[in-house]
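To start, the structure under review is shown below, and the notes come after it.
Per chain, numbering begins at 1; letters A, B, ... match sequence-line order. Model, not experiment: these values are computed from the prediction.
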Amino acid sequence: MADLKKHDTPMVDELKKGPWSSFADDLQTRGDSGSQACLDLLGQLELSYKDKETHWKHGGIVGVFGYGGGVIGRYSDQPDKFPAIAAFHTLRINQPASKFYSTKFLRKLCDMWDHRGSGVFNFHGSTGDTVMIGTTTEQLEPIFFDLTHQFDMDLGGSGSNLRTPSCCIGRARCEFSCLDTQAICYDLTMTYQDELHRPAFPYKYKFKISGCPNDCVAAIARSCCAIIGTWRDEIRIDQKAVQAYVNGELKPNAGAFSDRDWGPFDIQKEVIDLCPSKCMYWDGKELKIDNRECTRCMHCINVMPEALRPGLDVGATILSGAKAPILEGAQMSTLIIPFMRMEYPYDEIKELTDLIWDWWMEEGRNRERLGELIQRKGLPTYLRIIKRKPIPQMVKEPRSNPYVFWKEEEVPGGWTRSLEEFRKKHLA
Amino acid sequence: MAVDKEELKKKILEYATKKAKFKSKMYIKDLYKADPNAKPREVKNAANELVKENKLEYFSSGSTTMYGVPGFGNPEQE
Ligand code: SF4
Ligand code: SF4
């Protein structure tokens, strides 16, 4: 330990001052206890703050045999100053569905990573994977061997691959869930092993599965294919429990906002008036919902979880094409299928996926996400590709273009006509 | 039309080697040009097999994956 080399890091140290714990604290603690890599990381970060430039080189040719994803090559461009992070690759590990681990398992994983890498984890990356930050090229194969042989774990997706599918906690713990999110996530992961491990696409592709429209994995904002639980029948109402909320016997939002006094619960103001489609009615005794108009926003259910529950005729809403801003700015996904039954073996979503991938692989430009391709080619083209009819929910605004475009098959007789017949009625 | 996989692999390798002299990293879409008759999926499968055989290699920035020919370009950066 005596030969640990500490760097002077005044700017990084600023990060340790705020009210929240910072990664800078964690790296410092670990560095002080003997990890030169963590000290070099902080040192390089300080240099980056000073230069206002990253000191990581961009990517590399690293990976494990037979896989084209899961390892992200990172090399310092200042290896003389920071030798402990000269090669500091990241590994993405496919997390268990809904991220359940036993502590025993985690301890064992930490021991392995202390031994073979920096010991620094990110639980979890924004894609969902367990992220192991920092190891050398020589350690990659041994780590992969340990993961697959001792931990029953596999690498996740990176690069132009299918990214590791991820899901919310679903029925395992959440009463709102309309889907077995873990079963769907696991099935898609296993079905698309090849796409997950070997690059296939113009860019990344993401599946995310949320059990209800609260969308805790933010599928709607981040995934190419969002699978979001919903119901077709009616919101289940327990009128007695509604009364109990009104009388103040039950805490709204299960007490989630009780750190401040908001005054007595006002069902009219806090629920009925906030319903986005104004489809609720409260007469002082009974709560009524016009379910045909309900957009499944979850607001009323979130406020009064003991009184209201999603219906029982459950399935998923499928949306396409969310993305972060590389081309054209950030974009939420677009509703494509309002209701799809989600039962094993999930053939319908897989058939849809095949149609989407074939088109995207053919037509997509380099680094073009599905959402951008849909934007470029237009929603009508996309619907034709996935063999769906347009529905009112897809219309964003009344059209401003006065022309109607017909396709040949929509016009009786198509584009060909007999000139003779025409000339009988119209002189040249 | 399904194409012969070994034939396709040969075409991809020839194409990639020719191109590597000018540009050491290629997108999968560039490799489609090796055989315009092959379907994207066939090209992808063939290219990935070539990687397994160490005749091509992956280059990944973390967000995108590209293909290279071993011996061309710098293995550490784009
Ligand atoms: S998305 Fe819905 S079902 Fe999933 S954890 Fe959140 S609230 Fe529960
Ligand atoms: S879920 Fe939303 S739209 Fe439906 S009744 Fe409740 S508040 Fe209204």
Side-chain angles (χ1 to χ4, degrees), chain A residues 56-77 79 86-87 89-92 125 127 129 131 137 155-163 194-195 197-204 323-324 326 354 357-369, chain B residues 1-3 5 8-9 12-13 15-17 19-20 22-78:
Chain A
W56 295 113
K57 293 181 192 178
H58 192 224
I61 302 168
V62 286
V64 300
F65 186 67
Y67 277 41
V71 181
I72 297 149
R74 286 291 176 259
Y75 296 92
S76 169
D77 71 4
H89 311 314
T90 296
L91 290 117
R92 291 200 184 140
T127 301
D129 305 271
V131 186
T137 310
L155 294 182
S158 69
S160 308
N161 297 27
L162 172 66
R163 299 303 179 81
D194 194 49
E195 286 77 5
H197 296 311
R198 278 160 284 274
F201 305 129
Y203 202 21
K204 56 185 143 182
K323 60 167 207 73
I326 285 201
D354 282 349
W357 285 357
D358 281 346
W359 180 61
W360 182 46
M361 285 166 80
E362 189 90 48
E363 297 284 341
R365 292 180 180 154
N366 296 329
R367 294 172 67 80
E368 185 174 51
R369 296 274 300 261
Chain B
M1 189 181 61
V3 293
K5 196 189 239 169
L8 178 59
K9 276 160 67 178
I12 293 175
L13 196 58
Y15 181 85
T17 315
K19 233 189 127 167
F22 309 99
K23 198 167 179 294
S24 63
K25 313 277 187 305
M26 284 152 262
Y27 287 104
I28 184 78
K29 290 220 72 150
D30 299 331
L31 300 181
Y32 290 177
K33 290 181 206 133
D35 182 352
N37 290 326
K39 290 206 180 78
R41 226 172 262 261
E42 293 173 325
V43 175
K44 166 213 107 175
N45 287 337
N48 288 335
E49 266 188 34
L50 283 166
V51 174
K52 253 187 231 172
E53 294 165 13
N54 288 326
K55 290 177 185 151
L56 289 181
E57 64 193 1
Y58 296 127
F59 172 91
S60 172
S61 65
S63 67
T64 328
T65 312
M66 301 177 90
Y67 294 81
V69 181
F72 288 89
N74 181 344
E76 288 186 10
Q77 60 181 317
E78 207 165 5

Compare all side-chain heavy atoms of A:Pro202 with those of B:Ile28 and state whether any distance is below 4.5 angstrom. no
Taken to the nearest 0.5 Å, the spacing of B:Thr64 OG1 from A:Asn366 CG works out to 9.0 Å
Check your understanding: Backbone N or O of A:Arg367 within a donor-acceptor pair of the B:Tyr27 side chain at under 3.5 Å?
Key -> no
Validation row: B:Tyr67, A:Pro199 side chains within 4.5 angstrom (heavy atoms):
yes
Applying a strict 4.5 Å limit to non-hydrogen atoms, the region of A:Asp358 in contact with chain B is both
By side chain to side chain donor-acceptor pair (under 3.5 Å), B:Asp35 pairs with (sequence neighbours left out) B:Lys11
Between A:Met361 and B:Tyr32, the two heavy atoms sitting closest are O-OH, 2.9 Å
**Message:** Could you check whether A:Asp194 pairs with B:Lys44 (Lys NZ or Arg NE/NH1/NH2 to Asp/Glu carboxylate O, under 4.0 Å)?
**Reply:** yes
Applying a strict 4.5 Å limit to non-hydrogen atoms, the region of A:Glu195 in contact with chain B is side chain
When every non-hydrogen atom of B:Tyr58 is compared with those of A:Tyr67, the smallest separation belongs to CE1-O, 3.5 Å
>> Between B:Lys29 (side chain only) and A:Glu362 (backbone N and O only), is there a donor and an acceptor less than 3.5 Å apart?
In response: yes
Rounded to the nearest 0.5 Å, the OG atom of B:Ser61 sits from the NZ atom of A:Lys57 at a distance of 15.5 Å
Of all heavy-atom pairs linking A:Gly159 and B:Ser60, the shortest is CA-OG, 4.3 Å
Q) Ignoring hydrogens and geometry, is there a side-chain-to-backbone donor-acceptor pair from B:Thr65 to A:Ser160 under 3.5 Å? A) yes
Under 4.5 Å to a heavy atom of chain B? For A:Arg163 that would be side chain
Tightest non-hydrogen contact, residues A:Gly66 and B:Lys52, listed as CA-CG, 4.2 Å
